[in-house]
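Written below as structure tokens is the structure these notes are about.
For clarity, every value in this text was computed on a predicted model and none was experimentally measured. Convention: sequence-line order gives letters A, B, ...; per-chain numbering from 1.
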Amino acid sequence: MTDLNKLTIAGARDALRKGDVTSAELTQSCLAAIDGAGALNAFVHNTPDVALDQAKAADARIKSGDAPAMCGIPIGVKDLFCTKGVASQAASKILEGFTPEYESTVTTQLFDAGAVMLGKLNMDEFAMGSSNETSVYGAAINPWRRAGDAAALTPGGSSGGSAAAVAADLCLAATGTDTGGSIRQPAAFTGITGIKPTYGRCSRWGIVAFASSLDQAGPMTKDVRDAAIMLQAMCGHDPKDSTSATLPVPDFEAALTGDIRGKTIGIPREYHMDGMPAEIEALWAEGRRMLQDAGAKIVDISLPHTKYALPTYYVIAPAEASSNLARYDGVRYGYRAALGKGDGITEMYEKTRAEGFGSEVQRRVMVGTYVLSAGFYDAYYNRARKVRSLIKRDFEQAFAQGVDAILTPTTPSAAFGLGEMVDADPVQMYLNDVFTVTVNLAGLPGVSLPAGKDSQGLPLGLQLIGQPWAEADLLNTAFALEQAAGFHDKPQKWW
Amino acid sequence: MLDLTYEAPKVKTISGAKSDWELVIGMEIHAQIASNAKLFSGASTKFGAEPNNNVAFVDAAMPGMLPVINDFCVEQAVRTGLGLKAQINLTSAFDRKNYFYPDLPQGYQISQLYHPIVGEGEVLVEMGEGIARRVRIERIHIEQDAGKSIHDMDPAMSFVDLNRTGVALMEIVSRPDIRGPEEAAAYVGKLRQILRYLGTCDGNMQNGNLRADVNVSICQPGAYEKFIKTGDFSHLGTRCEIKNMNSMRFIQQAIDYEARRQIQIVESGGSVDQETRLYDPDKGETRSMRSKEEAHDYRYFPDPDLLPLVIEQSWVDDIAARLPELPDQKKARFIADFGLSDYDASVLTAEAENAAFFEAAAAGNDGKLAANWVINELFGRLKKDALDITQSPIKPEQIGQIVSLIKSDAISGKIAKDVFEIAYSTGRDPAEIVETEGLKQVTDTGAIEAAVDEIIAANPAQVEKAQANPKLAGWFVGQVMKATGGKANPKAVNDIIMTKLGL
């Protein structure tokens, strides 16, 4: 077989089980692809030795007949996950040289299932960003380009390296994390599938925290079936994470029948934004039609507090981040600034954090500190918490009316050019999350899948939002939409 | 349940240059919860480990690490609340208190600001027989301790020991109901006693397992009553907080100093600044640590890593059912059941182990006599050997034997002391000692009569003198006791001599 790196998880799994291919061959193929894709800047720490060892073990396991679905599948891991003995620095200078003595629960589960780690993937620093440009490693590059234009585009963020790597077939799949859209937006920008499960579905243990009440890990894959297979291996109760759910995990892949007859799909009227590109509107309408054709009932719904979601998110997430990032102080691990004569502990903190954090992280730490400070707490943080519960209630009411899933665009635009937003107001960048943050605030599962292209040939994604813990049902709806959309395009290789 | 009745103590006044002043004191006690593991990590809490040995990834705030509540610590806090007759909140929640310090690796302390696990309760602080202050408890919350910064090991660097980081504390907050330095010390003592009875804190102040922040203000006589009536703090003076005191003596000294300092300021026309102060025991004074303006903005907010702590009433009931008898009840019962004095009952109930020892010694015996033996003989002897009650070489049942040997006239009080000494140093049973050593008191009047007759016959001159002056009959008693090796029952000897001498 050739181009093994282009296989899906499901395709590779079946080939592995049949003995048509070995994990070592798959892994070699991916390692070669990675070697040839330096220009994408997707992988930031390569672990070929780990990969080949794991592949060998996986092959033995497959041979012995004990092979879970992820066994022998080469994947990439977002740099936000702590991986034992492998540099894990959340794309930040402040974690320079940090190599954990522990393995995150999600990657532990993946490796226990036999997955093979090719390396760590680029991302926005501490997962704060929508373009990958805040990474200490420099931005990952989108393998897609506008037709007839060699300008480098963003793969989105924060899981931009994961998205670029999967879209460019450097790995079969990758882990991502999503706090405000960090799986779904890059998935949409790169023509792949990504699901953020219900808050509490995946353990957060061992994942560098950004905003604890919003962070969730999820798979980024080439199609919906792969998302189902990989999510299965990633989630489940973890006693080490107090917010992890004790619910059983259903068989997600088995739920993919493609039959959505009788399902009710809500179209939220508040997601029609002023100034939204016509192509996005058209894609959304197309998605609606496709689901209807597949037998779903389409209803217009209202999520009245949608307009407050972005400001709410940009109070809560920085507030939690300002506290979560306090531990990066130069005392115990990572970067410590060189100190001058007479410098004391205060100077050590100030210099370490000023030099170690990039400007977007500093901005959010300052915003978060401000909204929690005496005299502003009620006006900002407390109010945001109240609005958050109203946003959650909007969804609950929609679901109570019989809505099974909600269809929206994933992003208000296709991938933009790297550097295009550099001089813009940061709020312009934050608008990327406008359709995705509500899902995090409400703790719901959301999946993005590619459904079409814009006039410049760039992929566009649609988002489906499900009821809490209804990932199986949500993935099936996504599967039906995927079949109807028939998006199988790949970026033209230029790297 | 028995209850003793108490009167409130007189409020201590301090005379300033111009007038008399009263003190108003509230306390925050930080008590380390007795548990083997820390509050949110599995790391050991064992005291005295090598620096940075009792540290889990969570305690060192490694990236991605998450706290998981130690249920036993919650149980201990609930038990403490029940022991202080307090409201138990079935739903409580954890908040982050944010500040930077090298011995606080997370950059925040996990505490319970908005929803503590225990609400209002009370402590009865005895200040003498029948006199006690009722100090109201405002709340108890659970929180993490910080580590230790060491600044004197190297001229250029500071060192950090994280062994204590993340150890569970209970912060027990009182209302400003304490009215003098002595009451403050007694309050800490009483709280310590209750916590030790409950087994929720070892009360070791030297190791810092029980520490107090003391809020002190002064007011004119009559102002406090207005405050109590209205709840309006403006009737009281501006308070200063004296931080981190771990000795009852220093607490007393610091309050006394602080009150006089505040009186001097106010009487000379100044005003007291609200601030945090430290007590320097070497100089015997408090000094400013930070002013209100320099106070940290802790940016408290609910910890998103932890779900609200929800407990079941049935679980609380179960803990309540297993609560031990507490000092107040035990003291009242000792007075009622054993006829002990208030003082003896207090001494014996000071520590649960002492009380248990006494009860075992007094079982089926004369309680008062047993109390005397435990307090005067045993405690004195243990103190001499620097032993505590749990290390006593003599068992409570053995003290019980001595008491019953005395009570049945088998031995005299004097012989009993010898028996005690032998039992204490050899571990032999008193009954066996008395038997083997032939120490049994002679109550056989025939034998005593014979000895008396012999001595009377041998000393006619003394007989004459005694008959002339009956006070001299004591000489005969001494002779008989000597002749019988001290084993004769002194009362019987006396009676027989008096009869024989015709007195």
Side-chain angles (χ1 to χ4, degrees), chain A residues 80-82 88-90 92 95 98 100-102 104-105 126 200 203-209 211-215 238-244 316 319-320 322-334 344-346 348-349 353 368-377 381-382 385, chain B residues 40-42 52 55-71 93-110 113-114 147 149 151 156-162 165 292-293 295-310:
Chain A
L80 203 63
F81 291 78
C82 288
S88 307
Q89 65 179 92
S92 180
L95 276 170
F98 174 65
E101 291 294 320
Y102 47 89
S104 84
T105 297
F126 282 106
S203 168
R204 293 182 297 112
W205 194 88
I207 301 173
V208 174
S212 314
S213 74
L214 301 160
D215 296 343
D238 178 9
K240 291 189 287 189
D241 175 0
S242 309
T243 63
S244 139
I316 289 175
E320 294 182 12
S322 71
S323 177
N324 282 335
L325 270 57
R327 65 187 57 198
Y328 307 108
D329 56 7
V331 174
R332 299 168 311 286
Y333 48 77
I345 184 67
T346 306
M348 184 174 111
Y349 286 148
R353 290 167 66 83
T369 303
Y370 180 81
V371 300
L372 289 175
S373 59
F376 299 101
Y377 182 86
Y381 182 74
N382 236 358
R385 288 226 304 166
Chain B
F40 294 115
S41 83
N52 294 312
V55 185
F57 291 134
V58 179
D59 306 317
M62 300 305 274
M65 294 297 96
L66 298 173
V68 176
I69 187 80
N70 177 342
D71 289 339
F94 291 99
D95 304 295
R96 293 184 183 176
K97 176 181 179 179
N98 296 282
Y99 66 95
F100 283 93
Y101 208 66
D103 59 25
L104 186 76
Q106 294 170 137
Y108 53 85
Q109 176 194 32
I110 304 177
L113 176 70
Y114 298 111
S149 293
H151 302 295
M157 285 189 285
S158 289
F159 291 80
V160 177
D161 179 2
L162 300 181
T165 302
K292 195 182 176 187
E293 287 70 39
H296 290 124
D297 180 353
Y298 290 119
R299 292 169 284 124
Y300 277 100
F301 76 108
D303 191 328
D305 285 334
L306 292 159
L307 299 172
L309 179 57
V310 180

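The candidate with the highest count of non-hydrogen atom pairs below 4.5 Å against chain B, out of A:Tyr333, A:Tyr328, A:Tyr381, is A:Tyr333. Listed options A:Ser373, A:Ala374, A:Ser323, A:Ala209 were ranked by heavy-atom pairs under 4.5 angstrom with chain B; first place goes to A:Ser323. Of the residues considered (B:Ala156, B:Gly64, B:Ala60), B:Gly64 shows the highest number of contacts with chain A, using heavy-atom pairs under 4.5 Å.
With a 4.5 Å cut-off on side-chain heavy atoms, A:Lys240 and B:Val58 do not count as touching. The shortest side-chain heavy-atom distance between B:Met62 and A:Phe98 falls under the 4.5 Å cut-off. With contacts defined as side-chain heavy-atom distances shorter than 4.5 Å, the pair A:Ser322/B:Tyr108 does not qualify. Contact of the A:Arg385 side chain with the B:Phe301 side chain is not registered, since no non-hydrogen atoms from C-beta on lie closer than 4.5 Å. Two residues are said to be in side-chain contact when any heavy atoms from C-beta on lie closer than 4.5 Å; B:Ser158 and A:Ile345 fail this criterion. A heavy-atom distance below 4.5 Å is not found between the side chains of B:Pro63 and A:Pro100. Counting heavy atoms from C-beta on, the side chains of A:Thr243 and B:Leu307 come closer than 4.5 Å.
The shortest non-hydrogen separation linking A:Asn324 to B:Arg96 is OD1-NH1, 2.9 Å. The shortest heavy-atom contact between A:Tyr377 and B:Pro302 is OH-CD, 3.5 Å. Scanning both residues, B:Phe100 and A:Ala326, for their nearest heavy atoms gives CE2-O, 3.5 Å. Between A:Arg327 and B:Met65, the shortest heavy-atom contact is NH1-O, 4.2 Å. When all heavy atoms of A:Pro239 and B:Val68 are compared, the pair lying nearest together is O-CG2, 3.4 Å.
Interface remark: A:Thr369 contributes backbone and side-chain atoms alike to the contact with chain B (heavy atom separation under 4.5 Å). Residue A:Phe81 does not touch chain B at all, counting heavy-atom pairs closer than 4.5 Å. Looking at B:Asp305, both its backbone and its side chain come within 4.5 Å of chain A, counting heavy atoms on both sides. Using a 4.5 Å cut-off between heavy atoms, A:Phe376 makes no contact with chain B at all. There is no contact between A:Asp215 and chain B, counting heavy-atom distances below 4.5 Å. Proximity to chain A is limited to the side chain of B:Phe57, based on heavy atoms less than 4.5 angstrom apart. Heavy atoms of A:Ala211 lying under 4.5 Å from chain B are absent altogether. Interface remark: A:Arg332 contributes side-chain atoms only to the contact with chain B (heavy atom separation under 4.5 Å). Neither the backbone nor the side chain of A:Leu80 comes within contact range of chain B; no heavy atoms are under 4.5 Å apart.
Evaluation of the side-chain contact (heavy atoms from CB on, under 4.5 Å) rule for A:Ser213 yields A:Ile316, A:Glu320, A:Arg388, B:Pro304 as partners, not counting sequence neighbours. The ring-ring contact (aromatic ring centres under 6.0 Å, His included) test applied to B:Tyr300 returns no partner, not counting sequence neighbours.
Within the model, atoms OG of A:Ser242 and CG of B:Leu306 stand 5.0 Å from one another, a figure rounded to the nearest 0.5 Å.
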